[in-house]
S.K.: 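Have a look at this one before I ask anything.
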There are 2 protein chains.
Amino acid sequence: MTGSHTLGETEARVANRLSHMTLDFEAMAVMSNLFRAASAVRNHFERNVLAESGLSWTAFVVLWVTWIWEPAETRDIAAEAGISKATLTGVLSTLEKLELVRRERSANDGRLVLVKLTTQGKALMETLFPAFNRQEIEVVSPVADEKRGELADMLRAITANIEG
Amino acid sequence: MTGSHTLGETEARVANRLSHMTLDFEAMAVMSNLFRAASAVRNHFERNVLAESGLSWTAFVVLWVTWIWEPAETRDIAAEAGISKATLTGVLSTLEKLELVRRERSANDGRLVLVKLTTQGKALMETLFPAFNRQEIEVVSPVADEKRGELADMLRAITANIEG
DNA sequence: GAAATATTGTTCGTATCCAAACAATCTCAA
DNA sequence: TTGAGATTGTTTGGATACGAACAATATTTC
């Protein structure tokens with residue numbers, strides 16, 4: 001993930017390249033670190049937790065959302081997972097092929113598709129999710145205990161500001 | 001991005017579903033908000049800044065890294081952009097088709113490929129990057145001025161902890 | 001200097017990922 | 001009740017995404 005250049009080097013080089021522009025480097029640093037962190041954490045989880053189950057990151061998120069909300073409507077799953085409904089169609093097909101999930105037409109509304117976990121899907125989540133959480137603890141560990149609430153709040157505020 | 005359920009609802013439902021497990025909900029909240037924020041910001045940028053240029057998020061990042069470091073070696077671009085070299089090959093082909101970038105064999109080392117921006121590529125970045133930064137300022141605005149450094153530091157620490 | 005080893009970018013196969021077009025279904029007004 | 005409009009999940013087409021295998025080139029080893 002990290003290149004051969006340090007972040008300081010990059011910022012100095014950027015400053016030089018952009019010396020004729022008026023820029024907010026602090027905002028830039030926040031955004032840059034946000035994406036680096038998200039990408040690094042995601043790759044870390046895919047390799048260390050998800051790989052042995054053969055699940056992609058998105059597949060896991062979809063499985064998780066379904067687990068929490070089942071029977072879940074696909075539009076809600078897509079929104080909650082942060083992916084388009086077109087993407088969800090493909091991911092659900094993958095999860096169905098793995099027999100972790102089952103699609104069902106809604107009786108009340110013929111347009112809707114309800115998604116449920118199979119017995120295997122539930123069993124997988126029962127072991128996978130605690131393993132996932134153990135890694136979450138590991139990943140967050142460099143942030144001081146008393147700062148974590150603040151960190152979550154700031155990230156939440158950024159999201160709310162965009163989507164509001 | 002946000003579903004019809006609030007984050008509080010989700011957490012309550014998760015707590016109920018997982019009541020028999022020992023979990024760190026604060027670590028979970030930090031990770032959850034990290035991905036929500038990254039995803040929301042990325043989508044926001046793709047739709048509001050990048051769409052008119054016909055660039056994807058990744059294409060922009062690659063273009064940006066190349067702009068800063070040109071002539072840039074592909075292995076460095078991939079590392080700096082946080083994508084695999086296989087992915088970079090495809091993205092560079094896209095950027096070359098758009099005539100924003102040029103590939104060149106290195107004279108010193110026949111294995112290396114050097115990447116440079118075309119005149120059009122430079123012109124695009126001259127207007128696109130300031131527009132990008134203006135949106136960055138907007139996105140970060142809900143975080144108090146004096147907290148932004150801390151936020152960047154915490155995210156940096158998480159990344160370093162994983163990759164170290 | 002020749003052979004073994006390492007490194008680099010591309011290709012291949014497969015899985016995401018999205019916007020836009022689409023068919024099926026539902027809602028609601030007239 | 002019938003027809004216009006809205007909503008939902010899928011399909012389509014094209015770009016991204018990765019690991020693994022690959023050919024080309026450099027480096028190391030003896």
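In what follows, chains carry the letters A, B, and so on, assigned in the order in which the sequence lines appear, proteins first and then strands, with residues in each chain numbered from 1. In this text, all values refer to a predicted model and were calculated from it rather than measured experimentally. Values reported hereafter were calculated over all heavy atoms of this structure, with side chains retained and with hydrogens, waters and symmetry mates removed.
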S.K.: Take A:Arg47 and A:Glu52 through the test salt bridge (charged side-chain N to carboxylate O under 4.0 Å, His left out) and record every step on the way to the result.
M.R.: CA-CA 8 Å; A:Arg47 282 195 258 269; A:Glu52 53 193 306; over 6 Å; no
S.K.: What do you reckon, are the aromatic ring centroids of A:Phe60 and A:Phe45 less than 6.0 Å apart?
M.R.: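 Ring-ring flag for A:Phe60/A:Phe45: false, centres at least 6.0 Å apart.
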S.K.: N/O contacts under 3.5 Å, protein versus nucleotides 14-17 of chain C?
M.R.:
residue : atom : partner : partner atom : Å
C:dT16  : OP1  : A:Ser56 : OG           : 2.8
C:dT16  : OP2  : A:Thr94 : OG1          : 2.6
C:dC17  : OP1  : A:Arg42 : NH2          : 3.2
C:dC17  : OP1  : A:Thr58 : OG1          : 2.7
C:dC17  : OP2  : A:Thr58 : OG1          : 2.3

S.K.: Charged N to carboxylate O under 4.0 angstrom, B:Arg36 versus A:Glu80?
M.R.: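 Result for this pair is yes, salt bridge flagged.
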S.K.: Contact boundaries of DNA chain D with chain B (under 4.0 Å, heavy atoms), 5' to 3'?
M.R.: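 Range of nucleotides within reach of chain B: D:dT16 to D:dA26.
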S.K.: Mind checking side-chain contact (heavy atoms from CB on, under 4.5 Å) for A:Ala38 and listing every partner two or more places apart, or none if nothing turns up?
M.R.: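 For A:Ala38, the residues satisfying side-chain contact (heavy atoms from CB on, under 4.5 Å) (neighbours in sequence not counted) are B:Leu34, B:Phe35, B:Ala38.
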S.K.: Return yes if a side-chain donor-acceptor contact under 3.5 Å exists between B:His44 and B:Glu138, otherwise no.
M.R.: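 Note: B:His44 and B:Glu138 side chains miss the donor-acceptor criterion.
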S.K.: Go through the side-chain N and O atoms of A:Arg103 and A:Ser93 and say whether any donor and acceptor fall under 3.5 Å apart.
M.R.: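 Their side chains do contain a donor-acceptor pair, which is all the 3.5 Å distance test asks for.
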S.K.: Below 6.0 angstrom between ring centroids: does that apply to B:Trp67 and B:Phe129?
M.R.: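 Yes, they do, as the ring centres are separated by less than 6.0 Å.
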S.K.: Nearest heavy atom decides the nucleotide; on that basis, is A:Arg47 or A:Thr89 closer to the 5' end of DNA chain D?
M.R.: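 With A:Arg47 and A:Thr89 compared, the 5'-side residue is A:Thr89.
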S.K.: Taking only residues two or more places apart in sequence, or in another chain, which ones meet A:Glu104 in a salt bridge (charged side-chain N to carboxylate O under 4.0 Å, His left out)?
M.R.: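 Testing A:Glu104 for salt bridge (charged side-chain N to carboxylate O under 4.0 Å, His left out), a comparison that skips the adjacent residues, returns A:Arg102, A:Lys116.
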S.K.: To the nearest 0.5 Å, what is the distance between CG on A:Leu63 and CG on A:Leu100?
M.R.: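 The CG atom of A:Leu100 is 6.0 Å from CG of A:Leu63, to the nearest 0.5 Å.
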S.K.: Within the structure, does a side-chain N or O atom of B:Arg103 lie under 4.0 Å from either OP1 or OP2 of C:dG9?
M.R.: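 Answer no for this pair, as no side-chain N or O of B:Arg103 is under 4.0 Å from OP1 or OP2.
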S.K.: Write down the distance between CD (B:Glu46) and P (C:dC18), rounded to a whole number of angstrom.
M.R.: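 So the two atoms are 8 Å apart, to the nearest Å.
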S.K.: For A:Glu26, check salt bridge (charged side-chain N to carboxylate O under 4.0 Å, His left out) against everything at least two apart and list the hits.
M.R.: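 With neighbours one apart ignored, the set is empty.
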S.K.: Which atoms of nucleotides 25-28 of chain C (N or O only) lie under 3.5 Å from a protein N or O atom, and what are those distances?
M.R.:
residue : atom : partner  : partner atom : Å
C:dT25  : O3'  : A:Gly110 : N            : 3.2
C:dC26  : OP1  : A:Gly110 : N            : 2.6

